[in-house]
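Atom set for the values below is all heavy atoms of this structure, side chains included, hydrogens, waters and symmetry mates excluded. Atoms within each ligand, like the ligands themselves, are counted from 1 in listed order.
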Amino acid sequence: MRFDFVTPIDRRHSWPSQKWHRYADDILPLWVADMDFLSPPEVIEALRARVDHGVFGYGQVPDSLRQTMCAWSAEHYGWDIAPEWQLWLPGVVPALHLASLAFTEPGDGVLTLTPIYPPFLKVARRTGRLSQTASLGEPLSAGEPWRLDLEALEAAITPETRLLLWCHPHNPTGRVWQEDELAGLAALVERHDLVIVSDELHCDLLLDAGARHRPLAALFPSLAKRVVTLWAPSKTFNLAGLTCACAVIEDPDLRRRFAARCRGLQPDANVLGLVAAEAAYAHGDPWRRALLEVLSEHRERLVAQVARWPGVAMTSPESTYLAWLDLRQAGLGDTPQQALLERAKVALSDGAAFGWPGFARLNFGTTAVQLDEALRRLDGVLGH
Ligand SMILES: Cc1ncc(COP(=O)(O)O)c(C=O)c1O
């Protein structure tokens, strides 16, 4: 294979990484969502060339990047977007907060569905808004998908609710929402006159053959005046440290309101992040396809292993490199993530931070050698 997803890269003794330096050296880290793989060679070459230029003054989003994003959207999602719909920013999480400031007033309700990537749960409080949550429906039986429970979602809506933070595909369950589910969601959002932020950060990592991402905004053009779509190359091409993301907003008024809120509250996008984003979207697709094969294999390894652990349930993720483990019956007490950290020496993400104690999220975006070692260690605790 042209790309090496096999050789482990030593991240422990290089520039500090959140993933590898949060815990002691004897812990294998399968928590925060970045992968232990080199980014696509074309991205590394483009960065090298930009660094060789040697001048790092304020940058500007190049037209070529906007055009590249338009081409990627048309080719991969069947959605024709215009260059001016794109607002490039240093991150998706800042964009969630800025959306709250832009589209709600103090005391308004910001709603999200749990379990969910933890920063979603902090947006309301951090921006002086009312935090509102509803739960996804648990799998009806082991291995079945997590469900969008529209009744529960609607019941959580109050007259204060203004904004819905939505994750598509979904972190942590890996669910790829289907068109009928999204249609129900779109109708609900219109019925209650909400703005919706569709965080689609994981959308280029659909693991099942033939699966195709359909942006919420592309499926339902009638939502245009109320939807902000968030994309980034950070998960797909393993570029999180280069802080670069894109908000796509078709409606000029919504875009103006969002852009006005960004001014002064966040820096321009990082020049190296923009360079990397353009190289990734222009040339990185063969690498991404190869990555998907590797991640699918890792998913199968994990599914087979989890099936052997009594009291542990997991629905096979349809996307990304994250798996959501139900450890409530695993006999590890109320804080299973902590128990596995101490006893198995493997760091997972604690489900409590996602709004669901008793669960843990496992990142399988690592080499097979490292994944197997982590599974071996976990097996020592869970496999009896
Ligand atoms: C759904 C989701 N949104 C946002 C982020 C973080 O994005 P950023 O690093 O651009 O702030 C993550 C990272 O894991 C994520 O999973």
Side-chain angles (χ1 to χ4, degrees), residues 17-19 22 29-37 39 69 86-100 110 112-123 126-127 133 136 146 163-177 196-207 213 215-216 228-248 258 262 265-270 272-274 276-277 280-281 295 317-324 347-351 353-356 359-366:
S17 85
Q18 290 185 22
K19 188 177 188 181
R22 175 159 176 182
L30 302 187
W31 66 287
V32 69
D34 75 34
M35 297 185 283
D36 296 318
F37 301 131
S39 288
M69 195 76 253
Q86 303 167 28
L87 298 174
W88 286 85
L89 335 134
V92 169
V93 170
L96 298 172
H97 291 75
L98 290 160
S100 177
V110 176
T112 194
L113 281 145
T114 70
I116 191 66
Y117 172 60
F120 277 56
L121 293 170
K122 299 184 180 148
V123 169
R126 285 175 175 162
T127 54
T133 57
L136 291 177
W146 283 75
L163 178 66
L164 175 63
L165 302 179
W166 171 246
C167 194
H168 165 52
H170 184 252
N171 174 2
T173 66
R175 212 32 245 288
V176 172
W177 304 111
I196 178 165
V197 175
S198 187
D199 176 336
E200 302 185 1
L201 185 52
H202 296 273
C203 69
D204 298 314
L205 297 176
L206 306 196
L207 299 175
H213 176 63
L216 181 71
V228 172
T229 304
L230 299 177
W231 293 335
S234 48
K235 299 294 139 181
T236 316
F237 300 103
N238 209 28
L239 299 169
L242 291 176
T243 60
C244 185
C246 183
V248 180
F258 185 76
C262 292
L265 283 186
Q266 63 169 356
D268 298 330
N270 176 341
L272 294 180
L274 295 171
Y281 287 121
L295 294 180
E318 298 164 86
S319 64
T320 201
Y321 46 84
L322 305 169
W324 184 235
L348 307 179
S349 299
D350 186 357
F354 296 71
W356 283 59
F359 285 72
R361 194 190 69 178
L362 182 152
N363 174 348
F364 55 90
T366 190

| query | Can you find a pair of side-chain heavy atoms, one from Asn363 and one from Lys19, that are under 4.5 Å apart? | reply | yes
| said: Could you check whether any side-chain N or O of Ser39 sits under 3.5 Å from a backbone N or O of Phe237, counting only pairs where one atom can act as donor and the other as acceptor? | reply: yes
Under a 3.5 Å threshold, I'd like every N/O contact between ligand 1 and protein atoms, with atom names and distance.
{"unit_1": "ligand 1", "atom_1": "3 (N)", "unit_2": "Asp199", "atom_2": "OD2", "d": "2.5"}
{"unit_1": "ligand 1", "atom_1": "10 (O)", "unit_2": "Val92", "atom_2": "N", "d": "2.8"}
{"unit_1": "ligand 1", "atom_1": "11 (O)", "unit_2": "Val92", "atom_2": "N", "d": "3.2"}
{"unit_1": "ligand 1", "atom_1": "11 (O)", "unit_2": "Val93", "atom_2": "N", "d": "2.9"}
{"unit_1": "ligand 1", "atom_1": "14 (O)", "unit_2": "Lys235", "atom_2": "NZ", "d": "2.8"}
{"unit_1": "ligand 1", "atom_1": "16 (O)", "unit_2": "Asn171", "atom_2": "ND2", "d": "2.7"}
{"unit_1": "ligand 1", "atom_1": "16 (O)", "unit_2": "His202", "atom_2": "NE2", "d": "2.7"}

| message | Please evaluate residues Trp356 and Trp324 with respect to the criterion ring pair (Phe, Tyr, Trp, His ring centres under 6.0 Å), reporting the C-alpha separation (whole Å), side-chain torsions for both, the decisive distance (0.1 Å), and the verdict. | response | CA-CA 11 Å; Trp356 283 59; Trp324 184 235; 7.4 Å; no
| task | May I ask you to test the Tyr281-Asp204 pair for a side-chain heavy-atom distance under 4.5 Å? | result | yes
| Side chains of Asp199 and Phe120: does their closest heavy-atom pair fall under 4.5 Å? | yes
| request: Please work out whether the ring planes of Phe359 and Trp146 are parallel, tilted or perpendicular, with thresholds of 30° and 60°. | output: perpendicular
